[in-house]
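Okay, structure first, notes after.
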There are 2 protein chains.
Amino acid sequence: MKYSKQRELILKTLQEHMVHPTADYIYEVLKKELPSISLATVYRNLNQLAENGMIKKIEGLDGSVHFDHNLSKHYHFICTKCNKVYDVPYDVAPDLADKVLSQTGLIIESYDISFKGICPECHKKEFH
Amino acid sequence: MKYSKQRELILKTLQEHMVHPTADYIYEVLKKELPSISLATVYRNLNQLAENGMIKKIEGLDGSVHFDHNLSKHYHFICTKCNKVYDVPYDVAPDLADKVLSQTGLIIESYDISFKGICPECHKKEFH
DNA sequence: ATAATAATGATAATGATTATCATTTTATGG
DNA sequence: CCATAAAATGATAATCATTATCATTATTAT
């Protein structure tokens, strides 16, 4: 993997955004800094970074794809109102791979939990 | 929701297939029984059934969407080779909603776990 | 039976992602 | 430090799953 300014900027942008952005969101943000950047380059690099384990891909409720720079073990909470993604600490369900192995014999490489509910922000809005 | 033969057949087909089929797979199967059926009808009804809680939508690894007639609580194992979906029993991780609530304050409506790994079938093929 | 409502089939439209390809950038090694 | 090979880019066309549209048909309740 050869260095490129675009890839560096994409990774930096992902790390600076606490939300878990989509490819298109990163593209829109980066256009301000590097107007010549192409949407294809953003997709290419996000996928490449994910394949190399430098970032993670998350699937949203509505089928939307988000990216996460946080490599430490954790899960995700997706708001059913606004589709935003939040982190949930790993220790709510540690070592599930071992449990699955002993109960089913399946060898687990990785797993992800997506919790669904209404986030505090949207919950607030419900009551103005 | 009004009765229709198409919806009944779609639900029946889903129930008869142990795999968790995609909309297109169901369409291909049903065409043999009811050649006049339209792909749009299959999509429409699967979504409608899912909205009414009669079946469940699952997101695959590659972004593909599968449907599941099994409403009892359980999780999913997705093979990273063949993308097939298998069931994992609920009791490998029961009552996570309560744990998340007490640790984060987030109110969980539902959650799904997708385990990833290589399924026994693909594992066999690796060594012929 | 009839009127109201919902569902269908066919197809066009959408939207996100990927493929293509000529050009440019990066790494390397003589 | 140039020359070459390999990889990355930007622009855009292509793809593919899903959704929207709409005229027609089927279902339900009165």
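Sequence lines set the chain letters: A, B, ... in the order given, protein chains first and strands last, and positions in each chain run from 1. These numbers were taken from a predicted model, which means no experiment stands behind them.
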Original post:
So what does Y43(A) touch, heavy atoms closer than 4.0 Å: a base, only the sugar-phosphate, or nothing?
Top reply: base
**OP:** Starting from P on dT9(D), measure out to CD on E8(A) and report it in whole angstrom.
**Re:** 12 Å
Subject >> Polar side-chain atom of H20(B) near backbone of V85(B) as donor-acceptor pair, under 3.5 Å >> reply: yes
**OP:** To the nearest Å, give me how far apart CD1 (I10(A)) and P (dA8(D)) are.
**Re:** 12 Å
Original post:
How is N47(A) classified with respect to the nucleic acid when contacts are heavy atoms under 4.0 Å: base, sugar-phosphate, or nothing?
Top reply: sugar-phosphate
Subject >> Rounded distance (Å) that lies between atom P of dA17(D) and atom OH of Y27(B) >> reply: 13 Å
Original post:
In whole angstrom, what separates L49(A)'s CG from dA8(D)'s C1'?
Top reply: 13 Å
**OP:** Round to a whole Å and report the spacing from CG of L34(B) to P of dA26(D).
**Re:** 12 Å
Subject >> E51(A) CD to dA8(D) C1', straight-line distance once rounded to whole Å >> reply: 15 Å
Original post:
With a 4.0 Å cut-off on heavy atoms, is R44(B) in touch with a base, just the backbone sugar-phosphate, or nothing at all?
Top reply: base
**OP:** Using a strict 4.0 Å threshold on nitrogen-to-oxygen distance, state whether K12(B) and E33(B) make a salt bridge.
**Re:** yes
**OP:** Could you tell me the separation between the OH atom of Y3(A) and the C1' atom of dT9(D), rounded to a whole number of Å?
**Re:** 14 Å
Original post:
Does K2(A) get its side chain close enough to the base of dA6(D), under 3.5 Å, for a donor-acceptor pair?
Top reply: yes
Subject >> For atom OH of Y25(B) and atom P of dT18(D), their distance in whole Å >> reply: 16 Å
Original post:
Should S4(A) be listed as having a side-chain N or O under 4.0 Å from OP1 or OP2 of dT9(D)?
Top reply: yes
Original post:
Is the closest basic N to carboxylate O distance between E28(A) and K31(A) below 4.0 Å?
Top reply: yes
Original post:
According to the interplanar angle, ranging from 0 to 90°, do the rings of F115(B) and Y75(B) count as parallel (below 30°), tilted (30 to 60°) or perpendicular (above 60°)?
Top reply: perpendicular
**OP:** Give one of base, sugar-phosphate or nothing for S36(B), where a contact means two heavy atoms less than 4.0 Å apart.
**Re:** sugar-phosphate
Original post:
Does a nitrogen or oxygen in the side chain of Q6(B) sit under 4.0 Å from OP1 or OP2 of dG9(C)?
Top reply: yes
Subject >> Residue M54(A) excluded, over 12 heavy atoms near CE under 6.0 Å >> reply: no
Original post:
Counting just side-chain N and O atoms, does N45(B) come under 4.0 Å of either OP1 or OP2 of dA7(C)?
Top reply: no
Original post:
Given dG10(D), is OP1 or OP2 found less than 4.0 Å from the side-chain N or O atoms of T41(A)?
Top reply: yes
